[in-house]
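Note that ligands are numbered from 1 as they come in the structure, with each ligand's atoms numbered from 1 the same way.
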Amino acid sequence: MANLTELTVHELQEKLASGELTVSEITKAYIDRINQKEGQVEAFVTTRNEEAIAEAKEIEEKRVAGELRTSLAGIPIGIKDNMCTKGIRTTCSSRMLENFIAPYDATVIEKLKAEGIINLGKLNMDEFAMGSSTEYSYFKKTKNPWDLSTVPGGSSGGAAAAVAANMVPWALGSDTGGSIRQPASFCGVVGLKPTYGLVSRYGLVAFASSLDQIGPITKDVRDAAILLNVIAGHDEKDSTSVEAQKKDYTANLEKDIKGMRIGIPKEFYGDGINPEVKASLQKAIKTYEEMGAIIEECSLDIANYALATYYIVACAEASSNLGRFDGIRYGYRSPNATSLKDIYKKSRSEGFGSEVKRRIILGTYVLSSGYYDAYYKKAQLVRTLVTKEFEKAFEKYDVILTPTSPNVAFEMGTKSNNPLEMYLADICTVSVNIAGLPGISIPCGVDSKGMPVGMQLIGNKFEEEKILNVAYAYEQKTKFRETYKPEFKK
Ligand code: GLN
């Protein structure tokens, strides 16, 4: 048998069902792997080795006694550290929440627990999910398992790196402007950002509430569908969660994609895109053509404005959401404060990192009475135009295919002091959040240095099955995972 930790979740499920593996064996194998690789990759903020072993034992006993009906019971997972986990530190990789222990579980965590899925620990991220490289974490810089001198992407970089390094079989990330898809693409794994409202945000520490969405980061497309089955669904605790019909997202995976209409928006293949990334994408498009899909070039003109719109809306919402971290109700309180005003000022000055402060200042500025109309209101108007343009495109196409990121994983330290450069890493992903659409990133090859390239498939609202179907067809045909493996190059 291939090394246990290399298996996908659906393969683990089969081996659990046949009795070839036990829950404890699986949990122990992952903990060994974490112990072996964490020194190199630095993906975890908090590990739960002992607790996970105890939970595995309990679940195994229940399984043997026939008390468990779910086939996922005993499968481990890793969680991005911005989802509240009862009794376990939830830091958002910030000094502000360094010692925050959530008093309740996020809805997604409750759902995982109901399935008997075992939490192996909390994964590193850019502070408060702001960033594209995980270098903005207060605690550590996660490395990309394909080349340890490069970044894993962000903000869910710990999650993507942990999956790529086989330290967890799958993980939950969050995506406000690309934070699931871009790190998935940098680390050669699968990342799915669901339609806004499909997955409850209750217990997800808010960054930009109208854009945030939780989703799976997995080794293959089937696992992404399986995890979406677990986390999707209406939640009365999140008023933006939608009363959508319950679906089995694995049901359509194997459907023939012949006749499927795929739009190729030319704005996503312009000068800013690395030629090697473009070449990989061209090859993928050809593969789809050979599989019988109908390929057509199209235009998403307004997408050129999506990045500017995103950074206005996201910062505006962040400046409001992060107001709660005042050193009194939540989080870090400066020991140097001498008055009430001083508590606010010093706690926030010392508790937040510079990127978070930059966003709060930008957000406060675009919401200020003198500039509201010029920036925030205008951004909201453009947001509507972006949404409408996608609506029009989906009258003609089933899915839209673009690169996930203009580049492969970049060297550590090359963008962290240049915020605008860092923001450009999201140029291909943000419009999906602006329009509330589902998007998936899957690996579509490697560049000349052996670094993974990601392609993004965008679907119409609540058409996750369609993008999963199109992604699965490509994955089966091209077998990326069987062909390329991260080498932990130094
Ligand atoms: N990198 C983007 C940002 O910094 C997106 C972050 C995210 O999706 N959480 O805002």
Side-chain angles (χ1 to χ4, degrees), residues 79-83 92-94 123-137 142 151-160 171-187 191-194 196 199 201 204-217 306-322 352-363 366 379 383 404-407 409-410 415-441 454 456 458:
I79 309 290
K80 183 177 182 179
D81 208 13
N82 60 351
M83 289 167 229
C92 287
S93 286
S94 178
L123 296 161
N124 199 24
M125 53 187 278
D126 285 298
E127 186 178 3
F128 285 102
M130 298 170 187
S132 309
S133 69
T134 314
E135 290 167 292
Y136 295 146
S137 163
T142 301
V151 302
S155 60
S156 314
L172 279 186
S174 71
D175 191 313
T176 305
S179 279
I180 287 175
R181 290 158 288 155
Q182 185 257 19
S185 121
F186 279 17
C187 292
L192 171 67
K193 182 241 161 225
Y196 185 77
V199 177
R201 289 182 297 111
L204 169 70
V205 180
F207 163 10
S209 314
S210 77
L211 301 160
D212 300 339
Q213 204 43 205
I214 295 170
I217 297 182
L307 195 68
T309 309
Y310 169 79
Y311 276 97
I312 292 173
V313 173
C315 292
E317 293 184 23
S319 73
S320 161
N321 275 327
L322 269 57
F352 289 136
S354 54
E355 181 60 25
V356 174
K357 286 180 197 158
R358 185 176 298 123
R359 308 271 179 127
I360 292 172
I361 293 169
L362 262 172
V366 299
R383 183 172 189 175
T404 307
S405 178
N407 262 302
F410 45 87
K415 292 190 204 287
S416 44
N417 293 321
N418 188 340
L420 284 182
E421 273 264 312
M422 191 72 93
Y423 295 173
L424 276 172
D426 302 316
I427 189 122
C428 302
T429 44
V430 291
S431 37
V432 169
N433 302 72
I434 300 249
L437 303 169
I440 190 168
S441 177
Q456 173 175 235
I458 307 169

Please could you name the atoms of ligand 1 that [X] approaches to less than 4.0 Å, counting only its heavy atoms?
X: Ala129; value: 6 (C), 7 (C), 9 (N)
X: Asp426; value: 1 (N), 2 (C), 3 (C)
X: Ser155; value: 9 (N)
X: Met130; value: 4 (O)

Say whether [X], considering both its backbone and side-chain N or O atoms, lies within less than 3.5 Å of an N or O atom on ligand 1.
X: Ser174; result: no
X: Asp175; result: no
X: Lys80; result: no
X: Gly154; result: no
X: Phe207; result: no

- request: Between Tyr311 and ligand 1, find which residue part has any heavy-atom pair under 4.0 Å and reply side chain, backbone, both or neither.
  value: side chain
query: Short question: side chain of Lys80, backbone of Ser174 - any donor-acceptor pair under 3.5 Å?
result: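 Such a contact is found between Lys80 side chain and Ser174 backbone.
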field: Sidechain-backbone polar pair: Thr134 side chain, Gly157 backbone, donor-acceptor under 3.5 Å
entry: yes
query: Does ligand 1 have an atom under 4.0 Å from some heavy atom of Arg359?
result: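 It does; at least one heavy atom falls under 4.0 Å.
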query: What is the closest protein heavy atom to atom 5 (C) of ligand 1, and at what distance does it sit?
result: Tyr310 OH, 3.3 Å
- request: Give the residue, atom name and distance (to 0.1 Å) of the protein heavy atom nearest atom 6 (C) of ligand 1.
  value: Ser179 OG, 2.9 Å
field: Modelled atom types, side-chain donor and acceptor of Thr142 and Asn124, under 3.5 Å
entry: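 Yes, because at least one side-chain N or O of Thr142 sits under 3.5 Å from a partner of the opposite role on Asn124.
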- request: Determine the interplanar angle of the Phe128 and Phe352 rings, folded into 0 to 90°, and report it as parallel if under 30°, tilted if 30 to 60°, perpendicular if over 60°.
  value: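 Geometry flag for Phe352 against Phe128: perpendicular rings.
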query: Of all residues at least two apart in sequence or in a different chain, which pass the side-chain hydrogen bond (donor to acceptor under 3.5 Å, both in side chains) check with Gln456?
result: Arg181, Thr402
message: I'd like to check Asp175 versus Asn433 (side-chain heavy atoms, cut-off strictly below 4.5 Å). Are they in contact?
response: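 Sidechains of Asn433 and Asp175: in contact.
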message: Would you say that Asn321 contacts Phe207 through its side chain, given a criterion of any heavy-atom pair below 4.5 Å between the two side chains?
response: no
message: Show the nearest heavy-atom pair for residues Gly131 and Arg359, with the distance to one decimal.
response: N-NH2, 3.7 Å
message: Once salt bridge (Lys or Arg N to Asp or Glu O under 4.0 Å) is applied, what residue pairs with a partner in residues 425-440 remain, sequence neighbours excluded?
response: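 Not a single pair qualifies under salt bridge (Lys or Arg N to Asp or Glu O under 4.0 Å).
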